[in-house]
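Here's the structure, in structure tokens; my notes come after.
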Amino acid sequence: MAKKKSKLAINGGPKAVQTDPGDMFSWPIITPEDEEAVVGVLRRGAMSGWDVTLQFEREFAAWQEAEYALAHSTGTAALQAAMFGLKVGVGDEIICPSVTYWASCLPCFSLGATVVFAEVDPNTLCIDPKDIERRITDHTKAIVVVHYVGYPCDMDRITKIADKHNLKVIEDVSHAQGGRYKGCKVGTMGHVAAMSLMSGKSLAVGEGGMLTTNDREVYERAIAWGHYGRFGDNINTKYLQPLAGLPLGGHKYRMHQMSSAVGRVQLKHYDERIAEIQKAMNYFWDLLEGVPGLKAHRPAKRSKSTMGGWYAARGLYRPEELGGLSVTRFSQAVAAEGTPCGPGVNKPLHLHPLFNTFDVYGHGKPTRIAFTDRDLRQPPGSLPVSEGIAARTYSIPWFKHYRPAIIEEHAAAFRKVADNHKELLKDDPGDPPGLGGWHFLQHG
Ligand SMILES: *Cc1c(COP(=O)(O)O)cnc(C)c1O
């Protein structure tokens with residue numbers, strides 16, 4: 001007798017996931033050690049100083065394998081400081097992937113610079129090195145690369161291109177703290193790295209950001225930009241010395257010491273915790289190896305590259321292997337099985353009106369082109385991979401613990417939907433226009 005096919009939960013069948021996940025998805029992991037560190041800052045009335053922050057920076061620099069670390073109030077501030085550190089200024093262009101969080105590039109506007117977007121690679125979801133060279137002009141100053149949802153960028157090719165054209169590289173490590181590229185820590189291969197440490201990220205300290213570099217001048221420019229209290233005798237760069245005491249950017253970017261205190265504790269446990277995440281997430285993908293329509297988003301095992309803390313982990317979708325089933329319908333069906341799943345990634349930034357029409361500062365023309373006489377805006381259709389990538393990606397559960405039985409249930413949900421995809425084809429409404437979001441985490 002033929003066995004009866006399991007019916008999809010979205011069509012009234014039993015759910016694939018039956019077990020309560022407990023704290024599988026809870027993050028960050030907060031223990032009395034974090035609480036005591038915060039209370040210590042409160043009791044000392046040291047919220048606004050920088051003694052704890054200096055300790056955090058020292059420990060962070062050692063861990064990040066960088067000479068200098070400078071803590072910031074946010075990752076956005078750290079990214080802007082990184083741009084200023086590299087002397088991105090009036091009339092300059094930076095190259096940035098279109099599919100990323102806005103803070104990877106948007107702070108360049110307030111420096112008088114603008115952005116040219118590059119395509120992402122459909123398999124890594126990171127900036128496509130092949131596309132970078134086409135975007136370079138006489139005005140290009142820097143390339144911002146984003147190790148997108150944990151995947152390390154192709155740094156060998158990127159640094160080669162940058163060196164050839166005498167460009168600087170900013171690594172946005174907000175999605176990949178602790179990740180490795182061919183054994184090297186991400187954030188150590190460009191001229192400067194900046195990253196968010198806000199609570200939704202894998203290294204989560206509260207609100208906060210970190211800039212790291214081996215270049216003393218970049219470090220000092222970042223201090224001068226947004227840390228007036230620390231802009232003093234410690235500065236070696238001659239042209240900065242007479243300016244000490246006031247922030248060149250007119251910004252105050254100091255980290256809150258309750259964040260620094262949490263950061264010190266989180267960092268201490270971070271490598272051990274992400275090792276467990278890596279084990280759990282790799283197990284999930286191992287279970288789904290070979291399932292039609294689904295492809296793991298992770299580097300090859302032999303590459304010595306890792307996904308860091310697997311921030312906001314995604315899977316690659318191949319609708320052509322599932323009769324053309326839309327990722328929208330697919331992820332609805334997976335979610336109905338009891339596991340977190342949704343379509344898409346960050347929307348392509350080049351299509352947002354802020355990068356096309358809006359005049360932020362009153363130049364009398366859109367800010368994107370206010371500092372140049374070239375219209376470098378990129379209309380719909382100009383970056384087809386970035387524009388189509390949401391239909392080929394979905395979120396997967398972000399396991400924080402290696403608990404095989406639970407991971408197996410969640411993997412079974414994805415497999416079940418792929419196996420029974422024919423049930424979904426007849427009432428597939430397709431993907432809506434503008435799939436994805438401008439930001440995608442609950443804390444985003
Ligand atoms: C979160 C994020 C940032 C910004 O960091 P904040 O701490 O939120 O200011 C920058 N880049 C990327 C890629 C991010 O995901």
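For the numbers below, each heavy atom of this structure counts, side chains included, while hydrogens, waters and symmetry mates do not. As the structure lists them, so they are numbered: ligands from 1, and atoms in each ligand from 1.
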Any N or O of [X] that comes nearer than 3.5 Å to an N or O of ligand 1?
X	value
K201	yes
S196	yes
G75	yes

Subject >> Whether over 12 other heavy atoms sit under 6.0 Å from N166 CG >> reply: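 Count not over threshold, so no.
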**OP:** For atom NZ of K160, decide whether the heavy atoms of other residues, nucleotides or ligands shown that lie under 6.0 angstrom number more than 12.
**Re:** no
Original post:
Heavy atom under 4.0 Å from ligand 1: found in H175's side chain, backbone, both, or neither?
Top reply: side chain
Original post:
Using heavy atoms and a threshold below 4.0 Å, how should the contact between T76 and ligand 1 be classified: side chain, backbone, both, or neither?
Top reply: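 It is both backbone and side chain that touch ligand 1.
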Subject >> Option nearest atom 8 (O) of ligand 1 (shortest heavy-atom distance, choices M198, H72, H147) >> reply: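 The nearest heavy atom belongs to M198.
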**OP:** Select the closest option to atom 10 (C) of ligand 1 among S199, A176, S174, judged by heavy-atom distance.
**Re:**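 Nearest option to atom 10 (C) of ligand 1, by heavy atoms: S174.
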Distance under 4.0 Å to a non-hydrogen atom of [X]: what atoms of ligand 1 satisfy this?
X	result
A103	4 (C), 10 (C)
T100	13 (C)
L79	10 (C), 11 (N)

Subject >> Minimum-distance pair of heavy atoms, taken over all atoms of P380 and L351 >> reply: CA-CD2, 3.6 Å
**OP:** Start with the C-alpha distance between R44 and D51, add both sets of side-chain angles, then the distance that settles salt bridge (charged side-chain N to carboxylate O under 4.0 Å, His left out), and finish with yes or no.
**Re:** CA-CA 12 Å; R44 283 199 302 120; D51 59 325; 3.1 Å; yes
Side-chain ion pair, [X] and [Y], N-O less than 4.0 Å:
X	Y	result
R392	E320	yes
E65	R180	yes
K400	D23	no

Subject >> Contact check, S104 vs ligand 1, heavy-atom distance below 4.0 Å >> reply: yes
Subject >> 4.0 Å heavy-atom contact, G208 with ligand 1 >> reply: yes
**OP:** Scan F399, W310, W398 and name whichever one has a ring pair (Phe, Tyr, Trp, His ring centres under 6.0 Å) with F25.
**Re:**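 The single option meeting the ring pair (Phe, Tyr, Trp, His ring centres under 6.0 Å) with F25 is F399.
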